[in-house]
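Below: the structure, in structure tokens.
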Amino acid sequence: MRGEMDDYIYLDNSATTPVSEEVMEAMLPYWRAEYGNASSLHSFGRRAHSAMEESRARLAASLGASESEIIFTAGASEANNLAIKGLAFSGIDKRHIITSQIEHPAVFKVCQWLEKQGFTVTYLPVDQEGMVDPDELAATITDDTLLVTIMYGNNEIGTVQPISQIAKICRAQGVIFHTDAVQAYGKIPLSVADVDMLSASAHKLHGPRGVGMLYLRKGIKLSPLIHGGGHERGRRSGTENIAGIVGFAKAVEIAFAEMEVLRKRLEGFRERLIETITAIQKTRLNGQRSGSLPHITNISFMAIEGESLVMKLDEHNIATSTGSACSSPTLEPSHVLLAIGIPIAMAHGSLRISTGRQTTAAEIERFLAVLPQVVEELREISPFKINTKIR
Ligand SMILES: Cc1ncc(COP(=O)(O)O)c(C=O)c1O
């Protein structure tokens, strides 16, 4: 899975994952001999079309959906935009949207943009583990509420929301419910019976980057974002990325077949990480202690800049993150950590460690052997002095 990067420990699987060998094998024919356009009438085209439809069927089955309810997109950012803007401009005369304070930018920036177009958005607070309160959500719904969009599992801290409960509330009140399930899909079993729209992305589960999907319950109409040749039943025009779609379906097939085994292994790594790292003084776990996504562990270190920690670990050939890959360059404290009430100084010193299918116990141990020493070095040069010798 990694080739020349063999001595590099990659613990940033929430940002993206390495494409697995089986996925690569499945995709290669569609970049080489099978380059047909799925809309073409000749046999090349028809073979591309069947590969796409077989993949669609496999992805639909993973959600208990029918094929016509799956729309392929160029990733989950597009799927989220299509779900939210597509519904906002579908002609329904309602202008209130409810979301949470800890969404990925591909949801909250869409909501902020819609506010400028005259929509009203409620950003629900979360508790100190990052959980939305379903009762508070229910009380926020009005006659004008068009959409509730709450993520399944958080990409920075791993908190899993009570999605089934939230979806039931929305269904009972006649409000459409969307969930950004990018980090949860293929990682934990999902309860999607009452979910109306769901976004997922291939590259978070060892599939290719640049392919995603929106599950759209039959009967819900969206205004398309991309107009053109009328692909995807007129809901998303553009020549389909057959290799990517085939790779996505293969990655999902593997993720679902291995889910329970992998989940247990990653939960074991998470336990080991939490136990060892929180034994370093002035640290705190961000998110849920249990019930979290198995692959994400987020810990804050007092008197350290998260970015310095990531760079120092990189010198030791270890890839980690301060939180959301997208907001890292801005050096702003994470909106997720601020929403769960972490003081700003502590929010600046957060590290997200995210594991994947390729992560080994030996890698976790090598990382844990390096981390305390790196933390101590950084605290020694930190202007915010804390006594690192006293527990
Ligand atoms: C929760 C969540 N939503 C959406 C996205 C965006 O997905 P994509 O990279 O496929 O556009 C990501 C990826 O960082 C994510 O973690």
Side-chain angles (χ1 to χ4, degrees), residues 10-19 23 59 70-86 99-113 126 130 132 149-161 163 178-188 190 192 195 197-215 225-226 236 238 241 244-245 247-249 251-252 255 286-287 292-298 319-330 334-337 339-340 350 352-356:
Y10 185 76
L11 296 174
D12 197 13
N13 291 269
S14 288
T16 197
T17 55
V19 173
V23 169
L59 292 164
I70 302 297
I71 305 171
F72 287 120
T73 63
S77 297
E78 186 191 330
N80 286 340
N81 272 263
L82 176 58
I84 304 169
K85 290 181 195 163
T99 187
S100 83
Q101 289 181 0
I102 63 163
E103 298 298 310
H104 187 273
V107 166
F108 80 73
K109 296 235 166 136
V110 178
C111 290
Q112 286 173 345
W113 181 80
V126 291
V132 166
T149 172
I150 306 278
M151 73 199 318
Y152 213 113
N154 185 268
N155 51 300
E156 293 189 38
I157 58 174
T159 298
V160 176
Q161 301 296 339
I163 289 299
H178 166 253
T179 186
D180 172 350
V182 168
Q183 295 288 343
Y185 179 60
K187 305 279 174 36
I188 58 170
L190 303 188
V192 290
V195 170
M197 297 193 274
L198 178 146
S199 308
S201 187
H203 75 103
K204 307 291 182 175
L205 32 79
H206 306 282
R209 279 156 286 281
V211 191
M213 67 169 168
L214 178 68
Y215 156 73
L225 298 183
I226 302 175
R236 199 279 185 187
N241 171 2
I245 288 169
F248 188 9
V252 166
N286 299 318
S292 162
L293 290 175
H295 62 295
I296 298 178
T297 309
N298 187 311
T320 56
S321 159
T322 55
S324 163
C326 322
S327 66
S328 293
T330 66
S334 142
H335 69 290
V336 175
L337 297 182
I340 63 171
S350 79
R352 180 184 69 181
I353 305 134
S354 52
T355 53

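Whatever order the structure lists them in is the order used to number ligands and atoms, beginning at 1.
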Under 4.0 Å from any heavy atom of [X], which atoms of ligand 1 are there?
X	result
G75	10 (O)
S201	8 (P), 10 (O)
M151	1 (C)

Is it true that K204 lies under 4.0 Å from ligand 1, counting heavy atoms only?
-> yes
Below 4.0 Å from any atom of ligand 1, is there a heavy atom belonging to H203?
->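 H203 counts as a contact of ligand 1 under the 4.0 Å cut-off.
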Could you tell me which non-hydrogen atom of N241 sits nearest to which non-hydrogen atom of G244, and how far apart they are?
-> OD1-N, 2.9 Å
Going by heavy atoms in the side chains, are N286 and L337 under 4.5 Å from each other?
->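 Yes, at least one pair of side-chain atoms sits under 4.5 Å.
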With a 4.5 Å limit on heavy-atom distance, are the side chains of I226 and E78 in contact?
->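 I226 reaches E78 side chain to side chain.
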Without hydrogens or angle criteria, can the side chains of T17 and H203 be said to hold a donor-acceptor pair below 3.5 Å?
->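 No pair is found: no donor N or O on one side chain lies under 3.5 Å from an acceptor on the other.
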What about S14: any of its N or O atoms under 3.5 Å from an N or O on ligand 1?
->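 There is no such contact.
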Run the numbers on N80 and S199 for side-chain hydrogen bond (donor to acceptor under 3.5 Å, both in side chains), then give the verdict.
-> CA-CA 6 Å; N80 286 340; S199 308; 2.6 Å; yes
